[in-house]
Number of protein chains: 2
Amino acid sequence: MNDSEKLQRARNRCIESLAQNMNLYGITESIGRLYGLLYFTDEPMSLDSMKDELGMSKTSMSTSVRQLQDLQMVEKVWVKGSRKDLYQCSHDWYQTFTDLFSIKWRVGISANMSAINKSISELQELLDEPKTSTQIKEEAKADLEKLKYALNYYDWLNRLVDSFESREIFNFIPKVKDTP
Amino acid sequence: MNDSEKLQRARNRCIESLAQNMNLYGITESIGRLYGLLYFTDEPMSLDSMKDELGMSKTSMSTSVRQLQDLQMVEKVWVKGSRKDLYQCSHDWYQTFTDLFSIKWRVGISANMSAINKSISELQELLDEPKTSTQIKEEAKADLEKLKYALNYYDWLNRLVDSFESREIFNFIPKVKDTP
DNA sequence: TAGAACGTACAGAAAAAACTGTACGTAATT
DNA sequence: AATTACGTACAGTTTTTTCTGTACGTTCTA
């Protein structure tokens, strides 16, 4: 094995590992591999060069890179004289991490919260209505408690994501280890 | 629509929303629905009752509940006089949240770190070897920088997960909002 | 203005994941 | 000891997701 192969092998090991564990962030292995490729490639890449490197179809590259763009992990760059669209990845992983949370989680949190709020008021109606049977009221009360608890939890989660977005989390967990 | 149906509808809306957004945690919609059912059911449930409620096969219930157990979201409980295995869900969502991170992320982090460490030493060998061409050395140096950066990031991520496990995160982001 | 280069929509193929039913081992009941 | 109840391994089916190739609209080039 020559030096170039050694280099390649060291690089690929990391890309592969990265790609495999990116599903924790809800990212496909293939898309993770593309991100890894972009991470190690210093020049912005075109869809064709991605295709050649990964041995996949250009269509896949197009849709994959689009997804990475939506997650703010990759951006299109303009390079003088090139007709092709060129892409490069964000090298700030802390930013990428917090962006991912913001983008993906906010939606889920607010969807759940509005479902809960809707149900809370329905249950409250049931409780306020004198004709409702005792049995039903008991159940409604129990559900109401659980939903209020959930609402508090989502509020907490929102505040956690706030701290990511505002970078305050880095006051609490600093980026660099204290020197020993 | 009678009161019982109203109750059911309010409950199902929340279960459905919960289930749909649980894929953010890497959890299937069906499994999320099962968790939601368990959340609202106060008595521990058997596989058969889950099956009846969700209209799915008993096999699915068995494997789903196993997954929830692995994620510490559900536990088996012993009830006197029952031959069936009975399960109930954890009602502490903060705990569930932090457990999920610990369980899922730790594995990924350490996998990535060990891949990186292995590659770092290979690249270092390449750099230490006088016969290596300048071209290769340049590339190795660039990769090395990136890998060291990644290592720092994973260290940060580990410390974040530490703060979840140790509950210190709740000092920074308190569970209950400050009263206004 | 003709032609080439480029990116993507869309339909279909391939692969992966989720789900089911049967079969079987174990443990409780009679 | 025979029977019943229970949970799960496993193979096969269904559903979903991922991936590809063709076709087409747009933009640049000559």
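Below, read A as the first sequence line, B as the second, and so on, with proteins coming before strands; counting in each chain starts at 1. These values consider heavy atoms only, across backbone and side chains, with no hydrogens, waters or symmetry-generated copies.
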Query raised in the report: Quick check: does any side chain N or O of A:Thr41 sit under 3.5 Å from a backbone N or O of A:Leu38, one acting as donor and the other as acceptor?
Result: no
Report summary line: Atom NZ of B:Lys51 and atom P of D:dT8 are separated, to the nearest Å, by 15 Å
Query raised in the report: Nearest-Å distance, CE (B:Met50) to P (D:dT8)?
Result: 10 Å
Query raised in the report: Who pairs with A:Tyr25 by ring-ring contact (aromatic ring centres under 6.0 Å, His included), at least two apart in sequence or on another chain?
Result: B:Trp105
**Report entry** Phosphate-side-chain proximity, B:Ser60 and C:dT20, N/O vs OP1/OP2 below 4.0 Å
**Finding:** yes
**Report entry** Check against salt bridge (charged side-chain N to carboxylate O under 4.0 Å, His left out), B:Arg106 and B:Glu165
**Finding:** CA-CA 11 Å; B:Arg106 290 285 196 202; B:Glu165 274 191 346; 3.1 Å; yes
Query raised in the report: With under 30° as parallel and over 60° as perpendicular, where do the rings of B:Phe164 and B:Phe101 fit, or are they tilted in between?
Result: perpendicular
**Report entry** A:Lys6/B:Glu125 salt bridge by N-O under 4.0 Å criterion
**Finding:** no
**Report entry** Length of the CG-C1' vector between A:Asp85 and D:dC28, whole Å
**Finding:** 13 Å
Report task. May I have the distance from A:Gln69 (atom CD) to C:dG7 (atom P), rounded to whole angstrom? Result -> 12 Å
Requested in this report: Answer with yes or no whether the side chains of A:Asn12 and A:Glu16 bring together a donor and an acceptor at under 3.5 Å.
Outcome: no
Query raised in the report: Rounding to a whole Å, what distance do you find between B:Lys76:NZ and D:dT8:C1'?
Result: 11 Å
Query - Expected output: side-chain A:Glu5 to main-chain A:Asn2 donor-acceptor under 3.5 Å - result: yes
Requested in this report: Kindly state which residues belonging to residues 13-26 of chain A come within less than 4.0 angstrom of DNA chain D, counting heavy atoms of the residue only, listed by number.
Outcome: none
Requested in this report: Please report, rounded to the nearest Å, how far the P atom of C:dA5 is from the NZ atom of A:Lys84.
Outcome: 9 Å
Query raised in the report: Rounded to whole angstrom units, what separation is found between the CE atom of B:Met61 and the C1' atom of C:dT20?
Result: 11 Å
Report task. Taking only Lys NZ, Arg NE, NH1 and NH2, and the carboxylate oxygens of Asp or Glu, determine whether B:Arg33 and B:Glu29 approach each other closer than 4.0 Å. Result -> yes
Query raised in the report: Counting distance only, does the side-chain N/O of A:Tyr149 pair as donor-acceptor with the main-chain N or O of B:Trp93 below 3.5 Å?
Result: yes
Query raised in the report: Distance check: side-chain N/O of A:Ser62 vs OP1/OP2 of C:dT8, anything under 4.0 Å?
Result: yes
Query - Test salt bridge (Lys or Arg N to Asp or Glu O under 4.0 Å) applied to A:Lys146 - qualifying residues, sequence neighbours left out - result: B:Asp42
Pairwise N/O distances under 3.5 Å, protein to nucleotides 14-18 of chain D:
| unit_1 | atom_1 | unit_2 | atom_2 | d |
| --- | --- | --- | --- | --- |
| D:dT18 | OP1 | A:Thr28 | OG1 | 3.4 |

Query - Spacing of B:Trp78 atom CH2 relative to D:dC6 atom P, expressed in whole Å - result: 16 Å
Requested in this report: Compare side-chain N and O positions of A:Lys58 against OP1 and OP2 of C:dG7 and report whether any pair is under 4.0 Å apart.
Outcome: yes
Query raised in the report: Under the salt bridge (Lys or Arg N to Asp or Glu O under 4.0 Å) test, which residues partner B:Lys118, sequence neighbours left out?
Result: none
Considering only nitrogen or oxygen atoms on both sides, find all protein atoms under 3.5 Å from nucleotides 21-28 of chain C and state each distance.
| unit_1 | atom_1 | unit_2 | atom_2 | d |
| --- | --- | --- | --- | --- |
| C:dG21 | N7 | B:Thr59 | OG1 | 3.3 |
| C:dG21 | O6 | B:Thr59 | OG1 | 2.9 |

